[in-house]
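One structure below.
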Amino acid sequence: MTAVVEISGLRKTFVLHTIDGRSVDALRGVDLTVSESEHVALAGSSGAGKSSLLKCVYRTYLPSSGSVVLAPRVGEPVDLVTLSDAEMAALRGREVGYVSQFLRAEPRRGALDIVTRAGVFRGMPRSEARESAADSLRRLNLDEGLWDVHATVLSGGEKQRVNLAAGTISPPRLLLLDEPVSALDPANREAALALIADLTLQGVAVLSVFHDLDAMARLATRVVLMRDGQIAHEGAPDHVLDLLEGVAR
């Protein structure tokens, strides 16, 4: 398999200016590769560094040191750590996507418009993007009566489904998922997990955080257990389930 992202020696240190200037190490030298059609799930207790790793890859956080080398669909590999903010912004969405548990939508935009615009941004013709957006929203069981309602008034679970639809329409080469199904009831959770499972069939490289052991067992091709900002163990899901039992909740 072709490596999509290669993370080497990644460190992130936060300085607590509002307290006493102490430094806290969120990541302490992480090495990790995610390839095409691979779903790598990050597990570990709160504060282990899982979300910090996703945010460093997406450059929401600027790493303190190390490299995050992305192999785009076209062109030479690039180190995301060294890119300017403008260069990184140009890669977001098209090459690197991020789906969190929260929807940050523009005011006065409906669900169908939000998902359609995400498809257009990734190069789809508008008519095709609108059709694909409708398919995704139906697949995620979002009532059609809500498609034109301002997304800001939707429930938490409805917003989460809109967010997932927008993140997976014409999916990017690397998709980062941070608790994307946490607010969903069982039926809608099943629909969302099925949609996520299809990503690897499309060649997408997925790096995710789930606190749900069942979701990791069903979706992941590899599970990485993090502890104290480092990788403690990694392997096939069935090989590390015993280790996850006590730390992935």
Side-chain angles (χ1 to χ4, degrees), residues 1-18 21-44 46-102 104 118 121-123 167 171-180 199-200 203-210 220-234:
M1 292 188 292
T2 302
V4 172
V5 64
E6 295 184 75
I7 301 166
S8 301
L10 197 66
R11 294 179 176 272
K12 177 59 182 176
T13 300
F14 294 98
V15 179
L16 305 180
H17 296 289
T18 58
R22 284 185 296 118
S23 294
V24 175
D25 293 323
L27 298 174
R28 300 190 297 159
V30 173
D31 299 316
L32 181 64
T33 298
V34 186
S35 299
E36 290 179 348
S37 300
E38 188 176 26
H39 185 141
V40 176
L42 303 175
S46 178
K50 307 181 300 296
S51 291
S52 291
L53 178 55
L54 292 188
K55 291 175 180 177
C56 281
V57 173
Y58 198 59
R59 271 282 301 277
T60 307
Y61 293 162
L62 180 63
S64 302
S65 62
S67 63
V68 180
V69 177
L70 175 76
R73 288 189 174 96
V74 179
E76 296 297 315
V78 291
D79 184 358
L80 304 184
V81 175
T82 64
L83 295 183
S84 68
D85 290 345
E87 290 169 328
M88 187 65 210
L91 287 178
R92 287 194 182 117
R94 294 183 174 90
E95 296 285 350
V96 184
Y98 187 98
V99 177
S100 73
Q101 56 189 304
F102 305 110
R104 296 176 176 84
F121 179 73
R122 295 191 186 116
R173 184 156 171 76
L174 172 65
L175 186 61
L176 310 171
L177 303 176
D178 194 354
E179 289 294 339
L199 293 170
T200 51
V204 179
V206 180
L207 182 61
S208 69
V209 171
F210 288 98
T221 55
R222 179 161 42 111
V223 174
V224 171
L225 175 59
M226 296 191 68
R227 185 178 296 130
D228 297 326
Q230 297 176 304
I231 293 177
H233 301 277
E234 63 178 300

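These numbers come from a predicted model, not from an experiment.
Rounded to the nearest 0.5 angstrom, Ile7 CD1 and Ser67 OG are separated by 9.0 Å. Note that OG of Ser64 and CZ of Arg11 are 9.5 Å apart. Values are rounded to the nearest 0.5 Å. With rounding to the nearest 0.5 angstrom, the OG1 atom of Thr82 is 7.5 Å from the CD atom of Glu87. The OG atom of Ser208 sits 9.5 Å away from the CG atom of Leu175 when rounded to the nearest 0.5 Å. Atom CG of Leu225 is separated from atom NZ of Lys50 by 9.5 Å, given to the nearest 0.5 angstrom. Separation of atoms CG (Leu53) and OH (Tyr61) is listed at 12.0 Å; rounding is to 0.5 Å.
When all heavy atoms are compared, the tightest approach of Asp31 to Gly9 is OD1-N, 2.6 Å. Closest non-hydrogen pair, Ala43 versus Val223, comes out as CB-CG1, 4.3 Å. When all heavy atoms of Asp79 and Val68 are compared, the closest pair comes out as OD1-N, 3.0 Å. Taking every heavy atom of both residues into account, Leu10 and Pro63 meet most closely at CD1-CB, 3.6 Å. Residues Ala205 and Val34 share a closest heavy-atom pair of CB-CG1, 3.8 Å. Among all heavy-atom pairs drawn from Ala26 and Phe14, the shortest one is CB-CE1, 3.5 Å.
No side-chain heavy atom of Leu207 sits less than 4.5 Å from a side-chain heavy atom of Val5. Between Glu234 and Leu32 the shortest side-chain heavy-atom distance falls below 4.5 Å. Residues Lys12 and Ser52 fail the side-chain proximity criterion, which asks for heavy atoms closer than 4.5 Å. Contact check for Arg173 versus Glu36: side-chain heavy atoms found under the 4.5 Å cut-off. At a threshold of 4.5 Å between non-hydrogen side-chain atoms, the residues Met226 and Leu27 count as touching. Under the 4.5 Å side-chain criterion, counting only non-hydrogen atoms from C-beta, Ser35 is not in contact with Val4. Between Pro180 and Phe210, the closest side-chain pair of non-hydrogen atoms falls below 4.5 Å. Under the 4.5 Å side-chain criterion, counting only non-hydrogen atoms from C-beta, Leu80 is in contact with Leu83.
In summary, the side chains of Thr13 and Asp25 do present a donor paired with an acceptor at a separation below 3.5 Å, with no hydrogens or angles considered. Judged by distance alone, the side chains of Asp178 and Ser51 do bring a donor and an acceptor atom under 3.5 Å apart.
Ser37 places a side-chain N or O within donor-acceptor distance of the main-chain N or O of Thr200, the cut-off being under 3.5 Å. Of the possible polar contacts, one joining the Arg28 side chain to the Asp228 backbone as a donor-acceptor pair under 3.5 Å is found. Arg92 places a side-chain N or O within 3.5 Å of a backbone atom of Tyr58 that can act as its donor or acceptor partner. For the pair Arg122 (side chain) and Pro171 (backbone), a donor-acceptor distance under 3.5 Å is absent. Panel note: side chain Thr221, backbone His39; a donor-acceptor pair is recorded below 3.5 Å.
Salt bridge status for Asp85 with Arg59: present, with a side-chain N to carboxylate O gap under 4.0 Å.
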